[in-house]
Protein chains: 2
Amino acid sequence: MALAEAILVCLTERPMSGYDLAKNFDASIGFFWRASHQQIYRELGRLREKGYVLSEEVSQNGKPNRIIHTLTPAGKKALRDWSTKPAKHPSLKDDLLVKFYALENVDLDALKDQMTIRIEQHQTKLVKYVRIKERYYDGKDLDLTQKGKLIVLEQGILQESQTIERLEDMMVKLGNL
Amino acid sequence: MALAEAILVCLTERPMSGYDLAKNFDASIGFFWRASHQQIYRELGRLREKGYVLSEEVSQNGKPNRIIHTLTPAGKKALRDWSTKPAKHPSLKDDLLVKFYALENVDLDALKDQMTIRIEQHQTKLVKYVRIKERYYDGKDLDLTQKGKLIVLEQGILQESQTIERLEDMMVKLGNL
DNA sequence: GGTTAATATGCAACTATTTGCATAGATACA
DNA sequence: TGTATCTATGCAAATAGTTGCATATTAACC
């Protein structure tokens, strides 16, 4: 499982609370690894038990206490070990494409609506990625870690625009049936 | 869940055994919905209980008996109902991209090897898709269902070649760090 | 003669993910 | 004054997916 590792990767940047991690999983790293806060809190418990993170409670006035998780040397080692193991190919599961496989048994108008929504979702993502690139990476001096993130960000931008093009092409074909 | 629906979609083509379905999930529909035979047999049991498929045992000499599953009218209706419901955006989970997010804590040579393997996997897929297109779709008269499959197949071919290009670009960037 | 692959089905255990619920103070808005 | 949102954590149940095992016959290959 790589949820554990995705969390460790986040913590290489800085110590964080579960809440911070959940927000990260909605933003940066969440672009290719999504996880709910419930999953993250549970996984943090496991990582603590293994000694990969150190968890310390910090009191705040007014707000509930935060528990800040710090990557330990053992955690860093686990991360490097994991990085050498073969990556699984991502499991594709797409409802929308399955629906194309039985066009005669499907509601075509509903399918078109779903395609429109899907295109909009990718456009939203694309805009988000471009903004992040402009704000945090363009014209800056970058260290190794930042360069890695930029590589992924740029591939994400390309991927999203290409996906939008393909989906629009499918829409046209669906309209011409 | 759409495993159930993916099975129903397969059965719109023709009645099949669990074994046939498992093979289909390794080939055509499996390009965007993967499932193991264990999962399929379990799901078939549920579909039978719901009355969405009719299961009949057929004896064969020599080989073990097959159980042929046929889509019922209720199953067909369930499929159409499902088709009108919003499609979820596919959940992205990619180890390989996560590894780029902590380049300083990762084994770079191992990462390059994994990139190479990933590129080869996509090339294999691309070749498979192109062959299927040539063999079963090029220059043929197609009905509505076949046209739907062709649309997905063509988008798959484009997707794979674009993915290969993006991965190769990432490899170059990784080499120039 | 022995090994491997293909055909054909399925249970059981484990791991992962999703969904619903629960708590509780602070702040902002209408 | 009520509603909504943000901060911050987590349990429990249900659903989904993976991995390991189990059985049994045929056919091809070395």
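Given the structure is predicted, the values throughout are model-derived calculations rather than measurements. Chain identifiers are assigned alphabetically (A, B, ...) following the order of the sequence lines, protein sequences preceding nucleic acid strands; residue numbering begins at 1 within each chain.
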_Between C1' on C:dA22 and OH on A:Tyr41, what's the gap in Å once rounded to a whole number?_
14 Å
*Does B:Glu13 pair with B:Lys149 as a salt bridge, N-O distance under 4.0 Å?*
yes
_Phosphate OP1/OP2 of D:dT7: any A:Tyr19 side-chain N/O under 4.0 Å_ = yes
*Given atom CZ of A:Arg48 and atom C1' of D:dT9, what is their separation to the nearest angstrom?*
11 Å
*Donor + acceptor pair across side chains of A:Gln146, A:Lys140 (<3.5 Å)*: no
*Rounded off to whole Å, could you give me the CD1-to-C1' distance for the B:Ile40 and C:dA8 pair?*
13 Å
_Under a 3.5 Å threshold, yes or no: a donor from one side chain and an acceptor from the other, between B:His89 and A:Arg34?_
yes
_Taking B:Asp107 first and then A:Arg80, would you say they form a salt bridge - that is, a charged N and a carboxylate O separated by under 4.0 Å?_
no
_Basic-acidic side-chain contact under 4.0 Å: B:Asp95, A:Lys85_ = no
_If I take atom CG in residue B:Leu44 and atom C1' in nucleotide C:dC11, what distance separates them, rounded to the nearest angstrom?_
15 Å
*Rounding to a whole Å, what distance do you find between A:Glu56:CD and D:dA8:P?*
17 Å
*asked:* What does the B/S/- profile of nucleotides 11-21 of chain D look like, 5' to 3', with a 4.0 Å heavy-atom cutoff to protein?
replied: B----SBBBBB
*Atom-pair distance (CG on B:Asn65; P on D:dT23), nearest Å*: 19 Å
*Within this structure, what is the CZ-to-P distance between B:Arg66 and C:dT7, rounded to whole angstrom?*
10 Å
*D:dA8 P sits how many Å from A:Lys23 NZ, rounded?*
7 Å
*Could you tell me which residues satisfy salt bridge (Lys or Arg N to Asp or Glu O under 4.0 Å) with B:Asp109, sequence neighbours excluded, listed by chain and number?*
none
